[in-house]
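Below is one structure, written out as structure tokens, with a few remarks after it.
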There are 2 protein chains.
Amino acid sequence: MRKKGPGRPPVTTHALIEEIAFRLFDEQGFDNTTVEQIADAAGIARRTLFRYYPSKNDIPWGQFDESLRHLAQHLREMPTDVSTAEAVQESVKAFNHVDPAAVEQHRRRMRLLMNTPALQAHATLRHGAWRAVIASYVAQRHGMSPDDLHPRTIGRVALALALSAYQQWLEDEQTSLPGLLDEAFAALHHHLDDQRAVIPERRAAGTGQ
Amino acid sequence: MRKKGPGRPPVTTHALIEEIAFRLFDEQGFDNTTVEQIADAAGIARRTLFRYYPSKNDIPWGQFDESLRHLAQHLREMPTDVSTAEAVQESVKAFNHVDPAAVEQHRRRMRLLMNTPALQAHATLRHGAWRAVIASYVAQRHGMSPDDLHPRTIGRVALALALSAYQQWLEDEQTSLPGLLDEAFAALHHHLDDQRAVIPERRAAGTGQ
DNA sequence: TCCATTATTGCCCTCGGTGCCAATACGGTG
DNA sequence: CACCGTATTGGCACCGAGGGCAATAATGGA
């Protein structure tokens with residue numbers, strides 16, 4: 001990404017730190033692994049690690065922010081002749097697509113994220129951004145504000161369904177993630193179909209948060 | 001609750017600590033308020049405060065655990081001739097019923113919980129217990145395991161809908177919380193109606209977590 | 001009064017996270 | 001090669017949340 005500009009070059013990469021961190025997490029568990037151990041193993045200073053990641057909890061998230069931007073873009077590029085529900089379903093599936101070769105690593109990451117209490121809690125903040133992307137899209141499609149009740153509800157429900165699918169996927173090695181997502185999102189169509197009748201009643205924008 | 005048993009009597013109460021803490025949170029914000037300040041203002045030692053609450057994040061939650069037990073009991077006592085969706089809807093409404101006199105305090109609490117990042121994150125853990133109660137009920141009504149996909153999905157979706165209603169309620173002083181919950185939960189009926197056909201296929205229990 | 005019981009408290013420690021500042025490793029210029 | 005601007009690194013001191021432990025205080029009862 002970053003071109004060769006002046007200044008001292010970074011001594012490591014996010015990818016490398018992640019790899020080392022995951023090894024330690026696997027060996028000793030997330031909570032029993034200190035930031036100092038990770039830094040030492042990565043050959044950098046504690047202080048430096050905190051410049052690569054704002055918090056210990058952020059380490060396992062990988063390229064989430066970038067993926068989020070792709071999700072938003074995927075939604076934007078969705079043709080308007082498919083229903084909102086289908087567009088959301090398709091984009092969420094794309095968001096969660098993983099290269100077959102990387103599927104084991106992905107399972108490892110998601111298992112850690114969903115089974116570690118500290119990370120479960122932290123995930124809420126990331127999920128907030130995820131929901132916002134969905135809500136924005138739904139709002140835009142329906143001529144509403146992203147802060148309106150309906151788009152936000154869709155964001156929340158979509159997240160609930162996606163997490164449900166993920167949890168199942170993690171517990172059942174055989175199942176296919178895209179398949180589970182399809183099943184889960186079938187339910188979303190009802191929400192969007194039902195509420196479509198309500199759209200005309202454009203309400204005042206919420207206070208935001 | 002606890003009878004007059006032997007031993008040194010507690011020097012304060014959760015209610016009192018909460019009141020003091022909320023005052024400080026209002027004045028300076030949650031993050032800018034240290035546990036020590038709360039302890040001092042409450043006239044107890046820092047160490048003692050941590051025996052009343054396992055963490056700073058737990059202070060604003062009040063009687064949540066007890067309310068959860070009531071939710072579970074309310075569900076158990078629900079007649080079986082009402083649909084699962086109705087039972088859930090009714091019970092969630094009961095769970096969120098607040099005495100009219102206490103509604104302002106409740107708004108204050110919920111606003112803090114939903115607008116403070118640290119608390120949003122922590123909430124996920126409490127919500128996990130909430131979802132488990134709903135999932136258990138749905139599972140039991142449908143002869144499934146609480147770890148099966150369907151009950152857990154219902155738990156997640158119900159939570160999503162309830163939070164959506166709450167958020168709206170907080171931003172719009174006029175709206176009625178029970179009303180918003182009713183609107184939100186209308187969507188839940190589809191989930192439960194749809195999936196009912198799937199029930200016969202009892203699947204192997206998940207691994208639990 | 002002495003005892004068993006329970007709550008409070010102080011002390012010390014660990015860990016995550018931040019502010020500050022000096023040291024370091026480049027690429028480019030004279 | 002010496003020098004310079006720049007960006008990253010890393011050390012240090014500091015804060016706040018939280019836990020382990022042992023001493024102590026306050027009660028009711030024998």
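Naming convention: chains lettered A, B, ... in sequence-line order (proteins, then strands); numbering from 1 in each chain.
As a whole-Å value, the separation of A:Tyr52 OH from C:dG17 C1' is 18 Å. Rounded to whole angstrom, the span from the NZ atom of B:Lys56 across to the C1' atom of D:dG19 amounts to 18 Å. Across the protein-nucleic acid pair, A:Asp31 atom CG and C:dT14 atom P stand 18 Å apart, rounded to whole Å. Whole-Å rounding puts the B:Phe50 CZ to D:dC21 C1' distance at 17 Å. Rounded to an integer number of Å, the gap from CG of A:Asn32 to P of D:dG19 is 14 Å. In this structure, the CD atom of B:Glu36 is 12 Å from the P atom of C:dC11, given to the nearest Å. The distance from atom CG of B:Leu49 to atom C1' of C:dA7 is 14 Å, rounded to the nearest whole Å.
When heavy atoms are screened at a 4.0 angstrom cut-off, A:Tyr53 is found touching no nucleic acid atom at all. Contact annotation for A:Thr34: backbone-only contact, meaning every heavy-atom pair under 4.0 Å involves sugar-phosphate atoms and none involves a base.
Residue A:Val138 forms a side chain to side chain contact (heavy atoms under 4.5 Å, CB included) with just one option from A:Ile154, A:Val133, A:Leu75, and that option is A:Ile154.
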### Task
Carefully, step by step, assess B:Glu90 and B:Phe95 under the rule side-chain contact (heavy atoms from CB on, under 4.5 Å).
CA-CA 9 Å; B:Glu90 255 335 291; B:Phe95 175 78; over 6 Å; no
### Message
Applying side-chain hydrogen bond (donor to acceptor under 3.5 Å, both in side chains) to B:His122 and B:Asp58, what does each step give before you reach the verdict?
### Response
CA-CA 8 Å; B:His122 180 74; B:Asp58 286 303; 2.8 Å; yes
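There is no side-chain donor-acceptor pair under 3.5 Å between A:Arg76 and A:Gln140.
Taking 3.5 Å as the limit, the base of D:dG18 and the side chain of B:Arg51 contain no donor-acceptor pair of atoms between them. No hydrogens or angles were tested; on distance alone, nothing pairs the side chain of B:Arg46 with the base of C:dT8 as donor and acceptor under 3.5 Å.
Heavy-atom nearest nucleotides on DNA chain C were determined for B:Gly7 and for B:Ile44, and the one closer to the 5' end corresponds to B:Gly7.
In the set C:dT9, C:dA23, C:dT18, C:dT18 carries the atom at the smallest distance from any side-chain atom of A:Arg47. With C:dG10, C:dA25, C:dG16 as the choices, the nucleotide that has an atom nearest any side-chain atom of A:Arg8 turns out to be C:dA25.
Between B:Ser55 and D:dA17 there is no side-chain N or O to OP1 or OP2 distance below 4.0 Å.
Aromatic ring centres of B:Tyr52 and B:His14 lie closer together than 6.0 Å.
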